[in-house]
Amino acid sequence: MNKFLAIPLSLLLLLFCYSQEINPKIFENALYPTIMVMDHENQTGGTGFLVRSTKVGDKYRNSIITAQHIVESNGPFQVKIFKYKNVSEIDSEKAFPLFIYALEEKQDLAIGVFETDEKLPVMQIDFDHKVLMGSHIFHVGFGMMDDARIDFGQITQTKTSKPEFLKDLIRTNAYSMIGDSGGPLFETNTLKVIGVCRAIRRHKEQLMNHQSYFTDIKMLKKWNEECDNALEPLYTEKRSMPVLPFVKMGLQKYKFKLPS
């Protein structure tokens with residue numbers, strides 16, 4: 001009897017090991033371009049992700065997408081960029097001043113810019129995704145402002161209808177927590193962004209961490225159209241990087257250097 005059991009059990013073990021294999025590109029495409037967003041006192045913050053890094057003069061101008069509710073105060077804000085060794089171990093981190101260029105309260109989206117001396121990794125956005133309930137996904141976030149995590153799961157609703165305050169959001173069963181807000185949601189097969197972390201379901205005083213909600217990334221495109229395509233240069237290489245956000249960023253730096 002034991003001999004007969006050994007064969008199917010070994011097959012199950014092989015299947016389990018195979019199912020746990022990780023696409024190595026997940027780190028380059030998803031982990032490395034995910035950044036931490038914090039206020040200047042390191043008291044509150046969340047997650048964001050890089051969507052453009054373009055050299056202008058002797059600097060690289062970078063833009064990020066995050067959630068509006070983590071940058072709705074007056075700031076100033078900063079981003080923390082992490083470098084990794086041995087694929088996923090943090091090697092170093094560095095903070096840069098962040099200028100919040102555009103806010104969209106209804107969809108809980110925000111776009112910010114900052115400058116660096118070197119080019120940074122960026123993510124690909126999928127505005128044409130056609131995911132279904134059961135589609136495999138993962139998201140990256142700096143929950144509790146700790147080290148970044150990658151959490152896997154499935155889509156449990158592509159367009160939420162109830163409750164009303166979470167209407168139209170993508171619902172998943174991927175574990176999420178405070179600090180993940182603003183982080184990217186990916187479709188596992190494409191490794192492209194399909195959503196932005198927005199909320200966790202609450203029942204009375206209990207957080208239901210395995211019921212997480214994401215703004216569909218298609219809302220970014222809709223927001224851009226409402227702004228007469230003024231936002232597109234910040235997340236696509238099709239057009240020249242806009243100057244105005246970085247002029248305003250320079251003025252912000254000057255503002256916060258004024259003597260009291």
Side-chain angles (χ1 to χ4, degrees), residues 16 19-20 22-23 26-27 29-39 42-49 64-73 79-80 82 88-90 105-110 123 129 131-220:
F16 176 79
S19 68
Q20 297 301 304
I22 301 297
N23 184 342
I26 196 173
F27 304 102
N29 293 11
L31 177 62
Y32 301 164
T34 301
I35 53 92
M36 185 184 293
V37 181
M38 303 189 74
D39 65 13
N42 291 339
Q43 296 297 314
T44 61
T47 306
F49 54 98
I64 69 160
I65 295 172
T66 187
Q68 182 267 346
H69 72 264
I70 67 172
V71 291
E72 59 184 342
S73 64
V79 296
K80 283 189 178 181
F82 295 83
S88 59
E89 297 176 10
I90 293 178
E105 183 177 2
K106 183 178 179 181
Q107 301 298 337
D108 196 22
L109 293 171
M123 296 181 181
H129 66 82
V131 291
L132 301 172
M133 290 177 65
S135 296
H136 291 276
I137 49 82
F138 68 92
H139 77 102
V140 186
F142 287 93
M144 302 302 294
M145 312 316 293
D146 294 334
D147 301 341
R149 305 176 341 278
I150 300 177
D151 287 284
F152 295 86
Q154 294 172 291
I155 289 178
T156 58
Q157 179 52 256
T158 57
K159 194 171 184 179
T160 300
S161 61
K162 294 180 181 179
E164 183 66 27
F165 68 92
L166 295 171
K167 186 177 176 63
D168 295 335
L169 300 183
I170 298 172
R171 187 184 69 197
T172 85
N173 58 15
Y175 189 93
S176 300
M177 59 196 301
I178 294 171
D180 287 341
S181 292
L185 176 70
F186 297 86
E187 202 277 315
T188 302
N189 291 331
T190 66
L191 298 182
K192 293 181 179 180
V193 180
I194 64 170
V196 182
C197 189
R198 180 166 177 175
I200 304 168
R201 190 74 164 94
R202 182 189 294 271
H203 178 65
K204 297 182 179 179
E205 298 302 317
Q206 181 180 358
L207 285 177
M208 302 172 69
N209 298 86
H210 281 95
Q211 194 159 324
S212 50
Y213 295 81
F214 296 78
T215 301
D216 194 316
I217 200 64
K218 294 176 183 178
M219 295 299 102
L220 174 63

Quick test of your reading: applying ring-ring contact (aromatic ring centres under 6.0 Å, His included), list the pairs with at least one residue in residues 155-178, sequence neighbours left out, ordered by first then second residue.
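Output for this query lists Y175-H210.
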Say you draw a straight line from [atom1] of [X] to [atom2] of [Y]; how long is it, rounded to the nearest 0.5 Å?
X	Y	atom1	atom2	answer
F142	D147	CZ	CG	8.0 Å
N29	N23	CG	CG	8.0 Å
N209	Q211	CG	CD	10.5 Å
T172	M133	OG1	CE	12.0 Å

If you look at every heavy atom in [X] and [Y], which pair is closest and at what distance?
X	Y	value
H139	A174	CD2-CB, 3.8 Å
V140	A148	CG1-CB, 4.3 Å
A110	V71	CB-CG2, 3.7 Å
V131	I155	CG2-CD1, 3.4 Å

Quick one: are [X] and [Y] in side-chain contact, heavy atoms under 4.5 Å?
X	Y	value
I64	I35	yes
Y213	T160	yes
M123	P184	yes

Please check this pair: side chain of T47 against backbone of G179, looking for a donor-acceptor N/O pair closer than 3.5 Å.
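Flag set: sc T47 to bb G179 pair under 3.5 Å.
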Ignoring hydrogens and geometry, is there a side-chain-to-backbone donor-acceptor pair from S212 to S176 under 3.5 Å?
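The answer is no, because no donor-acceptor pair under 3.5 Å joins these two groups.
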Under the side-chain hydrogen bond (donor to acceptor under 3.5 Å, both in side chains) test, residues paired with [X] that sit two or more places apart:
X	result
D216	H129
Q107	none
T156	R171
H69	D108, S181

For F186, which residues count as a ring-ring contact (aromatic ring centres under 6.0 Å, His included) partner, sequence neighbours excluded?
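So F186 forms a ring-ring contact (aromatic ring centres under 6.0 Å, His included) with F138.
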Inspect the surroundings of CD1 in I178 and state if more than 12 heavy atoms from other residues, nucleotides or ligands are less than 6.0 Å away.
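Result for CD1/I178: open.
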Could you give all pairs that pass the salt bridge (Lys or Arg N to Asp or Glu O under 4.0 Å) test and reach residues 160-170, with sequence neighbours left out?
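Applying salt bridge (Lys or Arg N to Asp or Glu O under 4.0 Å) to every pair that reaches into residues 160-170, excluding sequence neighbours, yields nothing.
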Result block: side-chain N/O donor-acceptor pairs under 3.5 angstrom for residues 190-206, not counting sequence neighbours:
unit_1	atom_1	unit_2	atom_2	d
T190	OG1	E187	O	3.4
T190	OG1	K192	N	3.2
R198	NH2	K106	O	3.2

Determine whether I170 and T158 satisfy the following criterion, side-chain contact (heavy atoms from CB on, under 4.5 Å), listing intermediate values before the conclusion.
CA-CA 5 Å; I170 298 172; T158 57; 5.7 Å; no
Which residues satisfy the salt bridge (charged side-chain N to carboxylate O under 4.0 Å, His left out) test with R149, sequence neighbours excluded?
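Result, salt bridge (charged side-chain N to carboxylate O under 4.0 Å, His left out) vs R149: D151, D180.
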What residues form a side-chain contact (heavy atoms from CB on, under 4.5 Å) with S88, not counting sequence neighbours?
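Partners of S88 under the side-chain contact (heavy atoms from CB on, under 4.5 Å) test: F27, L31.
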